[in-house]
Number of protein chains: 2
Amino acid sequence: MTNFIGEYKAKVDDKGRLVFPAAFKAICGEQIKQGFVVKKTLFVNCLEMYTYESWEKESEAVRSRLNLFNRDDERFWRAYTSNRTFVVPDEKLGRISIPKSLLESVGIEKEAVFCGRDFKIEIWAKDSLESTTLSDEEYVALAEKTLG
Amino acid sequence: MTNFIGEYKAKVDDKGRLVFPAAFKAICGEQIKQGFVVKKTLFVNCLEMYTYESWEKESEAVRSRLNLFNRDDERFWRAYTSNRTFVVPDEKLGRISIPKSLLESVGIEKEAVFCGRDFKIEIWAKDSLESTTLSDEEYVALAEKTLG
DNA sequence: TCAATTTTTTACATTTTTTTACAAAAATTT
DNA sequence: AAATTTTTGTAAAAAAATGTAAAAAATTGA
């Protein structure tokens with residue numbers, strides 16, 4: 001299993017493409033050719049990126065818990081499968097091109113940050129990442145509350 | 001298995017045809033020649049499109065849950081198999097032509113959107129898709145209620 | 001610290017896809 | 001059967017996506 005670790009800045013070019021960090025490319029190996037699924041994160045304002053393989057697992061697990069003849073489940077499935085895109089980094093440079101609508105929805109304009117979160121990668125607008133990051137004290141308090 | 005991911009706009013030409021997005025064409029591969037089943041979606045105002053293969057599976061699964069010697073089941077089966085059409089994208093451009101009655105029934109006139117929902121594709125009138133899309137807050141609430 | 005390598009960025013060229021307009025064929029009507 | 005309508009197919013223009021090359025920046029190793 002692929003574990004993404006570390007944070008890397010990237011600029012968005014005039015066509016809305018950004019280069020997938022070389023360090024992550026190395027972690028992926030051949031998997032990179034199968035591409036990635038990029039979608040909006042549930043609770044916070046950023047994108048998340050899964051290898052196709054790990055996304056398939058996650059998505060099938062969700063689907064198996066739903067009954068699509070149930071109105072609410074059906075509604076949820078629609079929302080869950082919205083605002084996604086499938087990307088394959090290009091051969092030479094490893095660039096991915098994410099639809100403007102998705103980038104805009106999380107406020108990415110010029111500068112983005114790829115954040116490794118082990119099983120997935122988050123893509124943040126540089127500014128909002130900085131303003132969302134917990135202070136040391138907040139993190140300590142949350143850790144004690146959650147696992148302490 | 002084919003997983004449709006992403007959203008693509010398409011215009012309806014003066015003859016009521018619309019081009020199947022190239023990205024989905026790529027996912028389908030040879031399957032595209034077997035065509036698709038298009039029908040009205042159950043709970044909301046859009047069409048849904050299945051590869052012939054996945055349609056066959058879905059439809060058999062539904063059928064197996066019914067007893068056609070039961071009056072209500074028999075009625076349901078009739079409704080379930082109504083308002084469907086079979087389409088094959090044309091060779092050169094990958095256009096499909098959906099009967100006016102079906103397009104009208106979900107308000108598609110000029111602009112449509114193909115939405116990948118993994119095992120199926122939804123086709124929306126651009127306007128009604130926008131007005132149906134959940135806000136972030138609604139989605140989060142629904143997610144917590146459904147899977148939280 | 002400096003040179004070499006790798007990665008990232010920028011600019012531009014090429015290809016593919018989408019759209020529009022029109023032509024041919026088939027079916028329907030008169 | 002001729003004419004109209006409807007359907008299906010072709011071609012070219014416009015737009016979008018993808019690919020290439022080279023410059024700039026950053027990283028690595030001597």
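Convention: sequence-line order gives letters A, B, ...; per-chain numbering from 1. Values in this document were obtained by computation on a predicted structure and should not be read as measured data.
- Spacing between atom NZ of B:Lys9 and atom C1' of D:dA17 amounts to 14 Å, rounded to whole angstrom units.
- Contact of the A:Glu111 side chain with the A:Lys11 side chain is registered, since non-hydrogen atoms from C-beta on lie closer than 4.5 Å.
- Between the NZ atom of A:Lys11 and the C1' atom of D:dA23 there is a distance of 14 Å, given to the nearest Å.
- Separating the NZ atom of A:Lys15 from the P atom of C:dT16 is a distance of 17 Å, rounded to the nearest angstrom.
- Near DNA chain C, defined here as any heavy-atom distance below 4.0 Å, the residues from residues 88-102 of chain A are A:Leu93, A:Arg95, listed numerically.
- In this structure A:Trp55 satisfies the ring-ring contact (aromatic ring centres under 6.0 Å, His included) test together with A:Tyr52, sequence neighbours excluded.
- In this structure, B:Phe20 and B:Phe36 have tilted ring planes: the angle between them lies in the 30° to 60° band.
- Distance OH (A:Tyr8) to P (C:dT9): 14 Å, rounded to an integer number of Å.
- Proximity of a side-chain donor or acceptor of A:Arg75 to a complementary backbone N or O of B:Leu134 within less than 3.5 Å is not detected.
- In this structure, the NZ atom of A:Lys25 is 12 Å from the P atom of C:dT6, given to the nearest Å.
- Rounded to whole Å, the distance from CG on A:Asp14 to P on D:dA16 is 14 Å.
- A side-chain donor-acceptor contact under 3.5 Å links B:Glu7 to the backbone of A:Asn83.
- For the pair A:Lys39 and A:Tyr80, the distance from NZ or CZ to the six-membered ring centre is under 6.0 Å and the angle to the ring normal is within 45 degrees.
- Taking every side-chain heavy atom of B:Val19 into account, C:dT18 is the closest of C:dT18, C:dT20, C:dT9.
- Projected onto DNA chain C by closest heavy-atom contact, A:Pro21 and A:Arg17 fall at different nucleotides, the more 5' of which corresponds to A:Pro21.
- Summarising the geometry, the separation between CG on A:Asp13 and C1' on D:dG19 is reported as 12 Å, rounded to the nearest angstrom.
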